[in-house]
Every structure is written in structure tokens, then in C-alpha cells.
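Below: the structure, in C-alpha cells.
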Amino acid sequence: QVQLVESGGGLVQPGGSLRLSCAASGIVVSHTTMAWYRQAQGKQRELVARRGPYGATNYAASVKGRFTISTDNVKNTAYLQMNSLKPEDTAIYYCNSVDQYWGQGTQVTVSS
């Protein structure tokens, strides 16, 4: 049974940083396509970042250069490092694996 558990969300001021974590069980994150999505209030869920099983990454244009997706083999955890945060980054962030499994989401609020 695959389980993804996100953590690390919270309230941060514009220009600040957060690191989201996605602890996985039932899969090996370094051998699996992992992704982060987000859904802002009143908007559709959108892809933020994706990392393939061989390490290739891609990012939404709105976060490129500010966000970084990575994995830790020992902890079997995926991360999303978010820098230079903007109010428009406010959303619920979801961890995803192989376009099939989802975490419960973690709220990120960027506000002064």
C-alpha cells in the first residue's frame, strides 16, 4: 500500500523560503516519478515540479529558478525547496507519485 505524507507548510512572508517534505512508504522515491502539485482557492490543481526516476526534472514556468524538487534515498522522502516565495504561491501543495498516488496536502500561505 502506497502512502505519501506531506509536511513543512505554513505561513511565510514574501521573499521567504519553505521546504516541503513528502515521506513515502510502499514505493522507492528515487526509482519513481515524483511530483508536486498545488491548488489555489478557486483554481484548478496544477503541476509545480516533477522528477523522473533517472533524475530529470521539469518545472512550471512560474516557479522555475525558485523551486527545486529532490529526493533523499535514505529517508525515502521527496522535497520541494521553495525560495523567493510570492503571494501567488499561496495554495495547498500535494505530493504525487506516478500520477496515481496522492498525499493529503499541506497549506502554504505567503503573506505579510
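- For the side-chain hydrogen bond (donor to acceptor under 3.5 Å, both in side chains) test, residues two or more places apart in sequence or in another chain that qualify with Ser17 are Asn83.
- More than 12 heavy atoms of other residues, nucleotides or ligands sit less than 6.0 Å from atom CD of Glu88.
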Mind running side-chain contact (heavy atoms from CB on, under 4.5 Å) on Phe67 and Leu80 for me, showing each step along the way?
CA-CA 7 Å; Phe67 290 11; Leu80 184 68; 4.2 Å; yes

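- Atom CD of residue Gln39 and atom CD of residue Gln44 lie 8.5 Å apart, to the nearest 0.5 angstrom.
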Go through it in stages, so that I can follow the logic: the residues are Arg50 and Trp36, the test is side-chain contact (heavy atoms from CB on, under 4.5 Å), and I'd like the CA-CA distance, side-chain angles, deciding distance and then a yes or no.
CA-CA 6 Å; Arg50 178 183 283 129; Trp36 288 93; over 6 Å; no

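- What you find for Ile27 and Ala24 is that their closest heavy atoms are CG1-CB, 3.9 Å.
- Contact between Val2 and Gly26 at its shortest, heavy atoms only, is CG2-O, 3.9 Å.
- Judged by distance alone, the side chain of Asn96 and the main-chain N or O of Tyr101 form a donor-acceptor pair under 3.5 Å.
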Give the C-alpha distance, both sets of side-chain angles, the deciding distance and a yes or no for side-chain contact (heavy atoms from CB on, under 4.5 Å) between Asn58 and Lys64.
CA-CA 8 Å; Asn58 62 285; Lys64 203 167 187 179; over 6 Å; no

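- Here Thr33 contributes atom OG1 and Asp99 contributes atom CG; the two are 7.5 Å apart, rounded to the nearest 0.5 Å.
- Note on ring orientation: taking the six-membered ring where Trp is involved, the planes of Trp102 and Tyr94 are perpendicular (angle over 60°, cut-offs 30° and 60°).
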Quick one, Val108 with Asp89, criterion side-chain contact (heavy atoms from CB on, under 4.5 Å). Give me CA distance, side-chain angles, the key distance, then yes/no.
CA-CA 8 Å; Val108 172; Asp89 294 318; 5.5 Å; no

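- Here the side chain of Thr109 pairs no donor or acceptor atom with the backbone of Leu11 at under 3.5 angstrom.
- The two residues Glu6 and Gly105 come nearest to each other via the heavy atoms OE1-N, 2.9 Å.
- Smallest separation of non-hydrogen atoms from Leu85 and Arg66: CA-NH1, 3.8 Å.
- Minimum interatomic distance between Ser111 and Pro14 (heavy atoms only, all atoms of both residues): C-CD, 3.6 Å.
- Thr57 pairs by the side-chain hydrogen bond (donor to acceptor under 3.5 Å, both in side chains) definition with nothing, not counting sequence neighbours.
- Listed by first and then second residue, the side-chain hydrogen bond (donor to acceptor under 3.5 Å, both in side chains) pairs involving residues 70-80 are Ser30-Asn73 (not counting sequence neighbours).
- Tyr93 and Leu47 are assigned to two separate hydrophobic clusters, defined by single-linkage of ILVMFWY side chains at heavy-atom distances under 4.5 Å.
- Side chain to side chain, Arg45 and Tyr37 fail the donor-acceptor criterion of an N or O pair below 3.5 Å.
- In this structure, the separation between CD on Gln104 and CD1 on Ile92 is 10.5 Å, given to the nearest 0.5 Å.
- Among all heavy-atom pairs drawn from Ser62 and Arg38, the shortest one is OG-NH2, 3.4 Å.
- Between the SG atom in Cys22 and the CD atom in Gln3 there is a gap of 10.0 Å [rounded to 0.5 Å].
- Under the 4.5 Å side-chain heavy-atom criterion for grouping Ile, Leu, Val, Met, Phe, Trp and Tyr, Val28 is not connected to Val98 through any hydrophobic cluster.
- Note: Met34 CE to Leu4 CG = 5.0 Å, rounded to the nearest 0.5 Å.
- Residues Gln107 and Thr90 meet the side-chain proximity criterion, which asks for heavy atoms closer than 4.5 Å.
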